[in-house]
Enquirer: 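For reference, the structure I am asking about is given below.
Naming convention: chains lettered A, B, ... in sequence-line order (proteins, then strands); numbering from 1 in each chain.
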There are 2 protein chains.
Amino acid sequence: MSAEPAVEPDRRARRRQESIDEILTTAVEVMAEVGAGGLNLGEVARRVGVRPPSLYQYFPSKSAIYDEVFARGWRELEEHIRAFDRAAGPVHSAGGARDRLRAGSAAFVRWAIEHPVQAQLMFWRPVPGFEPSPEAFAPALALMELTRSTLAGFVAAGWLRPEAAEDDAVRAQTTAMSGVISQQLSNEPAAGFDDGLYTRLIPLLIDMFFDHYSTRKDRP
Amino acid sequence: MSAEPAVEPDRRARRRQESIDEILTTAVEVMAEVGAGGLNLGEVARRVGVRPPSLYQYFPSKSAIYDEVFARGWRELEEHIRAFDRAAGPVHSAGGARDRLRAGSAAFVRWAIEHPVQAQLMFWRPVPGFEPSPEAFAPALALMELTRSTLAGFVAAGWLRPEAAEDDAVRAQTTAMSGVISQQLSNEPAAGFDDGLYTRLIPLLIDMFFDHYSTRKDRP
DNA sequence: GTCTATACGTAGATAGAC
DNA sequence: GTCTATCTACGTATAGAC
């Protein structure tokens with residue numbers, strides 16, 4: 001039996017967690033400089049201040065690092081959107097619903113543009129041999145469900161046709177925003193969210209969605 | 001002065017071109033198996049039946065191979081769409097215009113899904129250190145112009161509002177389709193164009209575009 | 001134009017001492 | 001838990017003979 005105080009295991013676990021966090025933060029920094037596919041464990045080790053083999057105490061492989069960056073990215077984006085939803089006030093009109101969907105979509109895209117490394121992993125497949133685990137992908141599905149329930153609320157209020165909350169509509173909305181992210185990251189990577197050629201299309205794309213699903217239509 | 005017949009240089013140039021084509025075709029095959037970022041010149045050489053150094057007689061670097069695949073991809077896609085435009089008959093109604101935009105967009109996305117390696121290079125940035133040359137990018141701009149002029153025709157016929165042919169509208173349309181391509185390639189890479197979860201959204205996305213820019217609107 | 005040989009560097013991962 | 005040492009392998013690219 002050990003003579004160490006009972007608190008020791010907790011301290012150890014905490015330090016270990018800190019090491020894991022530092023490795024991941026550093027890995028993201030490296031990827032930001034060389035592209036997601038160019039991650040290099042030697043460089044990560046150098047910056048963290050350890051030798052490459054030490055990294056294997058925390059991650060069994062390079063793929064495991066990718067998977068954790070991917071998973072944390074989706075968790076953070078999900079939390080970012082949930083926080084937006086909490087902060088957003090209630091919606092009282094069709095126009096308010098449109099504004100709300102615009103702002104929510106902007107929050108979604110903004111996070112991606114401001115976290116380009118994570119976004120590359122989340123929206124592209126830039127790393128040969130790396131496929132995210134299903135668990136890591138779960139928050140992406142949760143986010144889709146969140147969008148669906150927001151739209152369902154607008155439908156219930158009579159501001160959108162029922163079809164607006166169906167799978168295809170939700171997916172179309174997500175797909176359009178992922179197009180914005182993808183085009184912005186690949187064609188104009190140096191621009192920020194506020195001055196991007198593609199991010200500025202968000203209100204327009206939302207208007208298209210609303211015009212199509214609006215209940216105030218003269219066409220069948 | 002050489003004693004060879006004057007026709008010789010042509011033959012040599014033709015054989016050289018055939019070698020270049022074979023290298024590119026093989027490189028695309030390899031990338032299809034390992035991902036665009038995983039291209040490996042040794043494997044290309046092995047399949048072509050030469051030693052790796054011989055490849056350098058045809059391409060000065062690995063990046064040059066990427067750039068040529070990228071450039072040919074855009075040229076082929078441009079030609080694919082021009083052929084579609086030639087084959088498509090004249091449009092006589094707003095409904096016909098909608099169908100035409102649907103079919104053209106589908107042709108665009110279909111090519112990308114059926115050429116996933118090229119599409120990865122054209123719509124993502126999967127290769128660390130590779131940025132396409134401006135010349136290679138030119139057909140992408142030509143394609144955008146092609147879309148713009150199609151939409152301008154619909155505007156001139158009175159089927160769409162003038163804004164439908166403005167830069168933001170054209171870019172929004174392109175962006176939505178690139179979202180379809182990106183999502184399909186990353187989330188459901190094994191599906192074909194005809195059974196994809198995302199490719200099926202094309203008609204819906206086109207309807208959104210048309211509903212927004214239609215002249216038959218009861219809203220200002 | 002293709003080859004052999006090799007430079008030159010990197011990279012991920014493991015064994016075993018401390 | 002970190003280190004040294006090393007493995008093993010790959011991969012791009014070049015030099016120079018044929």
Enquirer: Ion pair present between D194(A) and R110(A), side-chain N to carboxylate O less than 4.0 angstrom?
Expert: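 Salt bridge present between D194(A) and R110(A).
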Enquirer: For residues I81(A) and L146(A), determine if any side-chain heavy atom of one lies less than 4.5 Å from a side-chain heavy atom of the other.
Expert: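 With C-beta onward as the side chain, the pair touches.
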Enquirer: Contact between V50(A) and Y58(A) at the side-chain level, heavy atoms closer than 4.5 Å - yes or no?
Expert: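 V50(A) vs Y58(A): side chains apart.
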Enquirer: Taking CD from E22(B) and C1' from dG1(C), how many angstroms apart are they, rounded to a whole number?
Expert: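 E22(B) atom CD is separated from dG1(C) atom C1' by 15 Å.
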Enquirer: Begin from the C-alpha positions of E18(B) and R15(B) and carry the test salt bridge (charged side-chain N to carboxylate O under 4.0 Å, His left out) through to its verdict.
Expert: CA-CA 5 Å; E18(B) 287 170 3; R15(B) 285 190 61 90; 5.1 Å; no
Enquirer: If I take atom CD1 in residue I23(B) and atom C1' in nucleotide dT2(C), what distance separates them, rounded to the nearest angstrom?
Expert: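 My rounded result for the distance is 12 Å.
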Enquirer: I want to check one thing: is the phosphate of dG1(C), taken as OP1 and OP2, less than 4.0 Å away from some side-chain N or O of S54(B)?
Expert: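 So the side chain of S54(B) is outside the cut-off, no N or O lying under 4.0 Å from OP1 or OP2 of dG1(C).
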Enquirer: Can you tell me the distance, in whole Å, between the CZ atom of R51(A) and the C1' atom of dT14(C)?
Expert: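 Answer to the nearest Å: 17 Å.
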Enquirer: R46(A) has an atom CZ; how far is it from atom P of dC3(D), in whole Å?
Expert: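 In whole Å, dC3(D) P lies 14 Å from R46(A) CZ.
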Enquirer: Just the table, please: protein N/O against nucleotides 13-17 of chain D N/O, every pair under 3.5 Å.
Expert:
unit_1: dA13(D); atom_1: OP2; unit_2: Y56(B); atom_2: OH; d: 2.6
unit_1: dA13(D); atom_1: OP2; unit_2: K62(B); atom_2: N; d: 3.0
unit_1: dA13(D); atom_1: O5'; unit_2: Y56(B); atom_2: OH; d: 3.2

Enquirer: For Q17(A) and dG1(D), what is the distance between atoms CD and P respectively, to the nearest whole Å?
Expert: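 It works out to 12 Å between those atoms.
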Enquirer: Can you label the angle between the W74(B) ring and the F108(B) ring as parallel, tilted or perpendicular, going by 30° and 60°?
Expert: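 Geometry flag for F108(B) against W74(B): tilted rings.
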Enquirer: Below 4.0 angstrom, N of the basic side chain to O of the carboxylate: do R47(A) and E33(A) qualify?
Expert: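 Counted as a salt bridge, because a side-chain N and a carboxylate O are separated by less than 4.0 Å.
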Enquirer: Can you tell me how far P of dT2(C) sits from CD1 of I20(B), to the nearest Å?
Expert: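 Spelled out: CD1 on I20(B) to P on dT2(C) is 11 Å.
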Enquirer: With a 4.0 Å cut-off on heavy atoms, is F59(A) in touch with a base, just the backbone sugar-phosphate, or nothing at all?
Expert: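 Nothing, no heavy atom under 4.0 Å.
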Enquirer: Around atom CZ of R16(B), are there more than 12 heavy atoms from other residues, nucleotides or ligands closer than 6.0 Å?
Expert: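 Enclosed.
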Enquirer: Could you name each residue pair satisfying salt bridge (charged side-chain N to carboxylate O under 4.0 Å, His left out) that touches residues 127-142 of chain A, not counting sequence neighbours?
Expert: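 The answer is none; no pair qualifies.
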Enquirer: To the side chain of Y58(B), which of dT4(D), dG1(C), dT4(C) is closest?
Expert: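 Among dT4(D), dG1(C), dT4(C), the one nearest the side chain of Y58(B) is dG1(C).
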Enquirer: Quick one: N40(B) CG to dT10(C) P, roughly how many Å, whole number?
Expert: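 After rounding, the gap between these two atoms is 18 Å.
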Enquirer: How many Å lie between CZ on R15(B) and P on dG1(C), as a whole number?
Expert: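 The distance from CZ of R15(B) to P of dG1(C) comes to 9 Å, rounded to the nearest Å.
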Enquirer: What are the residues of residues 28-37 of chain A, sorted by number, that bring a heavy atom to within less than 4.0 Å of DNA chain D?
Expert: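 Result for residues 28-37 of chain A: none.
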Enquirer: Remember a base hit wins even if backbone is also touched, and classify L39(B) as base, sugar-phosphate or nothing at under 4.0 Å, heavy atoms.
Expert: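 Contact class for L39(B): sugar-phosphate only.
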Enquirer: For a 4.5 angstrom cut-off between non-hydrogen side-chain atoms, does V109(B) reach Y198(B)?
Expert: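 Of all side-chain heavy-atom pairs linking Y198(B) with V109(B), none is under 4.5 Å.
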